[in-house]
Amino acid sequence: MSRRLANRVGEETLLDSQIIDGKAVAARLRASIAQQVAERVERGASVPGLAVVLVGEDPASRVYVGSKVRACEEVGFLSRNFSLPKNTDQASLLALIEQLNQDPEIHGILVQLPLPEQISVNAVVEKIDPRKDVDGFHPYNLGRLAAKSPTLRPCTPYGCMRLLQAYGIDPTGKKAVVVGASNIVGRPVALELLMAGATVTICHSKTQNLPAELAQADIVIAAVGIPEFIQGTWLKSGAVVIDVGINRLPSGALVGDVEFAGARQTAAAITPVPGGVGPMTIACLLQNTLEACAALEAV
Ligand SMILES: Nc1nc2c(c(=O)[nH]1)N[C@@H](CN(C=O)c1ccc(C(=O)N[C@@H](CCC(=O)O)C(=O)O)cc1)CN2
């Protein structure tokens with residue numbers, strides 16, 4: 001159902017939703033991190049160091065890794081890059097991680113996903129010292145999030161929560177529907193929303209009637225990885241929509257998991273793609289690296 005507003009002459013006009021500007025919120029967070037790094041340098045504290053590991057040549061991964069390295073440089077972090085060939089074996093990658101676990105200049109370790117098929121994601125994630133796991137994927141960090149006592153929080157879910165907070169959207173008592181149950185987004189964002197007081201439903205490929213679930217949702221987190229899968233007409237009027245999907249169409253255009261034009265007429269607020277959740281993922285990675293640095297220093 002479209003949200004409508006009567007204008008001054010009594011005509012009804014369609015009310016477009018507010019755009020949640022992830023680029024602007026991320027820029028503010030990055031500026032605050034840069035300021036904190038400058039203060040650390042002034043008082044002789046250590047400079048946060050992030051190691052970024054890329055295995056293979058996936059073009060999208062190369063772009064994301066490049067953005068992470070640039071973001072580190074911009075806020076004054078030390079950044080070390082490791083670009084390994086596609087046929088790297090698991091033992092070599094685990095040996096590199098062990099070396100980085102022991103390196104006192106490195107406070108955060110990030111292995112870009114996806115990995116080539118000969119390497120187990122779980123083996124890699126579990127090898128990273130949980131105190132340096134700035135992706136927040138280690139079972140220790142996920143367990144802390146599940147226990148409502150978070151340490152390093154997965155970046156994209158953390159970014160979604162910071163966007164809600166920046167726009168004054170309090171999940172307490174709201175019905176939230178998460179579409180997608182991946183380890184890196186769907187599951188941890190559901191834990192985040194639960195911790196924030198929402199009543200949370202996770203929908204996935206076996207969910208029987210997705211439109212019926214979405215019709216109840218005050219907050220929708222879309223993380224299915226299917227271009228424009230969620231129709232505007234499935235949403236509850238006035239819902240807040242956080243679109244985590246980043247899908248490149250054959251035309252080269254980037255779209256989210258939500259049909260944006262339709263959703264704008266129903267939702268109260270929505271994140272665009274690009275410029276929504278993506279920039280927050282990188283800003284939250286920087287935030288985690290700063291926090292990891294401070295925590296390691298305190299040991
Ligand atoms: N180790 C990890 N691997 C992956 C993660 C992750 O959090 N940790 N997430 C994704 C990719 N990702 C970060 O790595 C990521 C994706 C997109 C963006 C982003 O800023 N997107 C822009 C558009 C960029 C474009 O033009 O392609 C936007 O949405 O505005 C940042 C980070 C999978 N792997």
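Both ligands and their constituent atoms are indexed starting at 1 by order of listing. In what follows, every heavy atom counts, from backbone to side chain, and hydrogens, waters and symmetry copies are set aside.
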Just jot down the ligand 1 atoms closer than 4.0 angstrom to any heavy atom of [X], in number order.
X: Thr281; answer: 7 (O)
X: Leu254; answer: 23 (C), 25 (C), 26 (O), 27 (O)
X: Gly275; answer: 28 (C), 29 (O), 30 (O)
X: Lys68; answer: 8 (N), 13 (C), 14 (O)
X: Arg248; answer: 25 (C), 26 (O), 27 (O)

Nearest neighbour in protein (non-hydrogen) for [atom]:
atom: atom 9 (N) of ligand 1; result: Ile184 CD1, 4.3 Å
atom: atom 11 (C) of ligand 1; result: Tyr64 CD1, 3.5 Å
atom: atom 19 (C) of ligand 1; result: Gly278 CA, 3.4 Å

Report yes or no: does a heavy atom of [X] sit under 4.0 Å from some atom of ligand 1?
X: Val63; value: no
X: Val273; value: no
X: Pro279; value: yes

Q) So is Asp135 polar-close to ligand 1, meaning N/O to N/O under 3.5 Å? A)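 Among all N and O atoms of Asp135, at least one is under 3.5 Å from an N or O of ligand 1.
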Q. So is Arg162 actually on top of Tyr158's ring, under 6.0 Å and inside 45° of the axis?
A.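 Yes; both conditions hold, so Arg162 lies above the ring face of Tyr158.
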Q: Give a yes or no on whether a salt bridge exists between Glu213 and Lys236, defined as a side-chain N under 4.0 angstrom from a carboxylate O.
A: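 Lys236 and Glu213: not salt-bridged.
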**Q.** Distance (rounded to the nearest 0.5 Å) between Met280 CE and Arg30 CZ
**A.**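 Here the interatomic distance stands at 10.5 Å.
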Q. Are there protein heavy-atom neighbours of atom 31 (C) of ligand 1 below 4.0 Å?
A.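 For atom 31 (C) of ligand 1 the answer is yes, since some protein heavy atom falls inside 4.0 Å.
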Side chain or backbone of [X] under 4.0 Å from ligand 1, or both, or neither, by non-hydrogen atoms?
X: Val111; result: backbone
X: Cys155; result: neither
X: Val277; result: neither

Q) In terms of hydrophobic clustering (I, L, V, M, F, W, Y; side-chain heavy atoms under 4.5 Å; direct or indirect links), are Leu96 and Val121 co-clustered? A)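 Cluster IDs for Leu96 and Val121 match.
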